[in-house]
Amino acid sequence: MARTSDRTQQVNHYKTLRISYSAAPAEVKTAYRGLVKEFHPDCNHHLDNHDDIASINLAYEVLSNPQSRAHYDRSLGIKHSPNGVSQQGVKRSPSKRNTHLNEDQKLDRWFKQVYEPITEMLEVILDSLDEQIDDLAADPYDDGLMEDFEDYIDECRGSYAKAQIFFRAFPNPASAAGIASYLYHCLNAISDGIEELNYFTLNFDDHHLHTGQELWRRADEMRYCAQMAMENLQTV
């Protein structure tokens with residue numbers, strides 16, 4: 001009897017996803033989504049396709065990650081030219097220490113340059129999910145509706161990245177430590193929620209959609225706590 005590892009080595013993930021060895025990441029994603037729809041039990045009740053779905057998921061897991069794909073390609077003897085994509089992190093200019101500012105001035109600066117921009121971005125992210133899901137519910141398998149939902153996720157991801165930059169722009173004053181903590185947990189929930197919503201667009205598993213909604217609810221709760229704490233601080 002053949003060992004499992006031998007069987008795994010015989011599987012060609014590119015053939016599983018029906019793509020070429022030079023397929024771009026977007027092609028990998030499109031192929032995966034198409035196959036999930038083809039073999040999803042909601043679309044094919046008559047198919048016993050658990051093995052097919054498992055193979056498709058494994059192929060996407062390997063080929064969607066640049067590091068695991070590069071390792072897999074080497075095992076197949078495939079060589080690619082460098083893609084030129086930089087992995088370097090964003091460099092931040094050293095912040096100027098305004099030690100001459102008193103606590104009230106530090107709070108005012110943090111409110112205007114950190115808190116206000118972040119709350120505006122949170123509004124863009126958090127206040128549209130229900131509407132987006134209602135639109136998608138008309139037909140989750142409609143490519144146009146799914147693309148609109150993916151665009152929304154991309155907008156959330158962009159707003160989240162900007163919010164993180166503002167969050168790190170200045171250290172919070174001691175008096176705003178609690179508010180900063182609420183914002184921190186809010187942004188963390190959004191980050192996790194974005195990933196869950198993105199998983200849903202790939203495999204149409206409602207579990208990821210519901211988890212994303214719950215993380216959105218948690219983030220919205222943290223946003224409300226931050227708003228209340230800021231209002232209390234400003235009235236002192």
Side-chain angles (χ1 to χ4, degrees), residues 7-8 10-73 75-76 78 80 83-85 87 124-126 128-161 189-216 219:
R7 182 174 179 270
T8 301
Q10 295 174 1
V11 174
N12 187 305
H13 296 319
Y14 288 96
K15 291 183 179 179
T16 299
L17 295 186
R18 304 173 188 172
I19 57 177
S20 68
Y21 293 117
S22 60
E27 296 177 82
V28 176
K29 180 178 179 180
T30 299
Y32 173 71
R33 283 186 56 201
L35 288 170
V36 167
K37 289 167 64 175
E38 179 178 339
F39 289 96
H40 198 284
D42 288 348
C43 299
N44 299 282
H45 299 282
H46 62 288
L47 294 179
D48 183 12
N49 49 28
H50 297 294
D51 290 341
D52 292 318
I53 288 293
S55 297
I56 292 167
N57 286 338
L58 176 60
Y60 181 75
E61 181 179 346
V62 172
L63 299 183
S64 64
N65 181 283
Q67 286 75 29
S68 62
R69 180 177 180 179
H71 178 77
Y72 179 68
D73 285 353
S75 73
L76 296 179
I78 301 172
H80 295 294
N83 58 17
V85 177
Q87 298 291 326
V124 172
I125 295 172
L126 295 174
S128 303
L129 180 60
D130 289 342
E131 180 181 351
Q132 293 290 333
I133 291 178
D134 287 343
D135 291 343
L136 184 62
D139 185 359
Y141 299 101
D142 180 89
D143 289 338
L145 293 177
M146 183 58 77
E147 286 176 5
D148 289 341
F149 191 66
E150 288 179 320
D151 288 342
Y152 165 70
I153 295 174
D154 287 340
E155 290 175 6
C156 291
R157 187 177 284 110
S159 295
Y160 164 79
I190 288 173
S191 177
D192 293 340
I194 288 173
E195 293 310 310
E196 289 294 332
L197 295 177
N198 186 59
Y199 287 143
F200 169 73
T201 68
L202 297 173
N203 56 29
F204 303 92
D205 187 339
D206 286 342
H207 168 74
H208 294 298
L209 184 62
H210 296 154
T211 302
Q213 287 178 292
E214 173 59 23
L215 287 164
W216 240 241

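This is a predicted model, so every value here is computed, not measured. Sequence positions, counted from 1, serve as the residue numbers for this chain.
Residues forming a ring pair (Phe, Tyr, Trp, His ring centres under 6.0 Å) with Tyr32 (at least two apart in sequence, or on another chain): Tyr60. Shown here are the salt bridge (Lys or Arg N to Asp or Glu O under 4.0 Å) partners of Glu27, two or more places apart in sequence or in another chain: there are none. By the side chain to side chain contact (heavy atoms under 4.5 Å, CB included) test, His71 pairs with Arg74, sequence neighbours left out. Judged as a salt bridge (Lys or Arg N to Asp or Glu O under 4.0 Å), and not counting sequence neighbours, the contacts of Asp143 are Lys37. In this structure Glu61 satisfies the salt bridge (Lys or Arg N to Asp or Glu O under 4.0 Å) test with no other residue, sequence neighbours excluded. When the side chain to side chain contact (heavy atoms under 4.5 Å, CB included) test is applied to Asp148, the partners found at least two apart in sequence or on another chain are Asp151. For Asp154, the salt bridge (Lys or Arg N to Asp or Glu O under 4.0 Å) partners at least two apart in sequence or on another chain are Arg157. Residues forming a side chain to side chain contact (heavy atoms under 4.5 Å, CB included) with Ser20 (at least two apart in sequence, or on another chain): Ser22, Ala23.
When all heavy atoms of Leu145 and Ala138 are compared, the closest pair comes out as CD1-CB, 4.1 Å. Nearest approach of Phe204 to Pro140, heavy atoms of both residues: CE2-O, 3.5 Å. Scanning all heavy atoms of the two residues, the minimum distance from Lys29 to Asn198 falls at NZ-OD1, 4.1 Å. When all heavy atoms are compared, the tightest approach of Val28 to Ser64 is CG1-N, 4.5 Å.
Taking the side chain as every heavy atom from C-beta outward, Tyr14 and Asp73 approach each other to under 4.5 Å. Using a 4.5 Å cut-off on side-chain heavy atoms (C-beta onward), Phe200 and Thr211 make no contact. Looking only at side-chain heavy atoms (C-beta outward), Leu136 and Leu209 stay at 4.5 Å or farther from each other.
Here CD of Glu150 is found 4.5 Å from OG1 of Thr201. Values are rounded to the nearest 0.5 Å. Cys156 SG to Gln132 CD: the interatomic distance, rounded to the nearest 0.5 Å, is 8.0 Å.
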All N/O donor-acceptor pairs, side-chain side in residues 190-197, below 3.5 Å, sequence neighbours left out:
{"from": "Glu196", "atom 1": "OE1", "to": "His208", "atom 2": "ND1", "distance (Å)": "2.8"}

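No donor-acceptor distance shorter than 3.5 angstrom exists from the side chain of Arg18 to the backbone of Ala31, with no hydrogens or angles considered.
Annotation: Tyr199, atom OH; neighbour count of heavy atoms from other residues, nucleotides and ligands within 6.0 Å does not exceed 12.
Side chain to side chain, Asn65 and Tyr72 fail the donor-acceptor criterion of an N or O pair below 3.5 Å.
The one candidate from Thr30, Leu35, Asn12 that meets the side-chain contact (heavy atoms from CB on, under 4.5 Å) condition with Leu17 is Leu35.
Residues in residues 129-139 take part in no salt bridge (Lys or Arg N to Asp or Glu O under 4.0 Å) pair, two or more places apart or across chains.
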